[in-house]
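Worksheet for the structure shown next.
Read the numbers this way: they start at 1 and go in the same order the structure lists the ligands and their atoms. Below, each value reflects all heavy atoms present in this structure, side chains not excepted, and no hydrogens, waters or symmetry copies.
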Amino acid sequence: MVSKEKRIEFKKGAFREELNKDAEKIMNVAEYVSINNKALLDFAKNNAFSKVSLPKWDLPVFPEKANKATISFIILGNTQNFAFTDFITKQKYVAEYKGSDYVGAMGMWASIKKAIERGVPLLDGEFLSTISYKELEEIYNSKSKIPMLQERLDILNEVGNVLCKKYDGKFYNILKGYELGKEMMFDNGKGFVELLVSDFPSFRDESDYKEIKIKFDKRAQLTAAMTFEKFLGLGKNIFKQGEEEKLSVFADYELPKVLNSIGILNYNESLSNDINNGVLLKSGSKEEVELRAATILAADRIEEEIKRFNKSSKINQLGIDYLLWSAGRQIKTANHHLTITTAY
Ligand SMILES: Nc1nc2c(c(CN[C@H]3C=C[C@H](O)[C@@H]3O)cn2[C@@H]2O[C@H](COP(=O)(O)O)[C@@H](O)[C@H]2O)c(=O)[nH]1
């Protein structure tokens with residue numbers, strides 16, 4: 001007979017298992033960040049019976065239908081889904097779309113939707129492989145300037161080239177056969193998340209911490225999650241049942257902010273001062289990797305604890321992510337950490 005512990009492990013899949021293990025190794029020797037078990041248990045207990053919904057990605061900045069063009073749009077946006085706070089002014093990117101202002105990541109989605117609607121062929125690999133700085137600047141030009149424009153451009157050029165070489169110039173071809181209920185996120189190297197990371201260097205999101213290599217793959221996992229949730233919101237499952245259980249939370253700058261605010265992540269004095277004062281944390285620094293590793297581990301433990309308190313809970317990391325993310329929107333006072341990176 002398979003024990004309950006084993007069953008949970010099996011459902012997580014190899015990627016998430018490895019990520020959790022590496023996060024745990026890092027947190028065992030961490031210097032700047034620690035997890036407060038009491039706060040974690042309290043949070044799990046208080047949320048064990050909460051009704052958790054998943055995002056439907058139905059704001060006007062997203063396409064309305066569940067089809068191939070929507071899949072392409074979601075992948076395109078996730079090539080650009082990082083760094084929305086200006087590193088000097090600390091202001092968030094703001095873009096206007098159909099009379100409303102969209103802030104941060106939503107501003108980015110607004111700008112690419114607006115460009116596609118006025119005929120810029122942003123879903124076409126060939127166009128992306130040669131899109132220029134000026135053209136991209138024009139696309140993002142709105143109420144403020146988007147950070148890291150050159151990096152965004154380099155990524156689009158790279159992605160365009162790979163699409164032309166391997167995917168007939170089309171994003172949606174990365175999702176093999178477009179067969180409802182059949183697609184895999186992880187499939188021995190051939191799943192959707194795995195192909196994004198292996199074929200597109202800019203999706204690779206890994207860090208070295210002492211001798212530990214940890215793969216967060218935030219943008220690649222978020223691409224799969226958004227695709228899953230967008231389709232689900234319209235009553236369709238594009239992926240094979242259970243694939244979503246293999247995803248971790250998305251290790252960005254928002255989740256550690258929330259986890260710290262509710263006492264689950266504790267920072268030492270120097271890290272706490274740096275974040276409060278808006279000091280940049282170097283990409284790949286111990287501080288930055290610990291923040292991300294702690295986020296992954298804490299979210300995984302919250303799921304385990306919720307399931308201990310509520311044996312019939314079906315919550316997974318997508319639910320935990322949305323629970324924390326939504327909590328973050330209410331926290332207006334705390335700073336998130338600032339790192340110059342294309343990962344998140
Ligand atoms: N873990 C996690 N990270 C998420 C999201 C979302 C989108 N949530 C929407 C989904 C439905 C609702 O309507 C929400 O609004 C964005 N991010 C990441 O945060 C950063 C941007 O932050 P800011 O500058 O403030 O926009 C950036 O790295 C972005 O990729 C999430 O759900 N989980």
Is any NZ, NE, NH1 or NH2 atom of the basic residue among Arg16 and Glu303 found under 4.0 Å from an Asp or Glu carboxylate oxygen of the other? yes
Side chain proximity check, Ile139 to Ile131, heavy atoms < 4.5 angstrom: yes
Measure from the ring center of Trp109 to the ring center of Tyr102 and say whether it is less than 6.0 Å. no
Between Phe84 and His336, does the ring centroid distance fall short of 6.0 Å? no
Tell me: protein heavy atom nearest atom 28 (O) of ligand 1, and distance? Lys218 NZ, 3.0 Å
Structural part of Arg219 in contact with ligand 1, heavy atom criterion under 4.0 angstrom: neither
Among Tyr322, Phe82, Tyr253, whose heavy atom sits nearest atom 21 (C) of ligand 1? Tyr253
What protein heavy atom sits nearest atom 26 (O) of ligand 1, and how far away is it? Ala105 N, 2.8 Å
Considering Tyr102, Tyr344, Trp325, Trp57 one by one, which has a heavy atom nearer to atom 5 (C) of ligand 1 than any of the others? Trp325
Atom 11 (C) of ligand 1 - nearest protein heavy atom and its distance: Pro55 CB, 3.4 Å
Just need the protein heavy atom nearest to atom 29 (C) of ligand 1, so name the residue and atom and give the distance. Asn81 OD1, 3.4 Å
If we number the atoms of ligand 1 from 1 as shown, the ones under 4.0 Å from a heavy atom of Lys92 are 23 (P), 24 (O), 25 (O)
Given Asp252, Asp58, Leu324, Asp321, identify the one with the heavy atom nearest to atom 19 (O) of ligand 1. Asp252
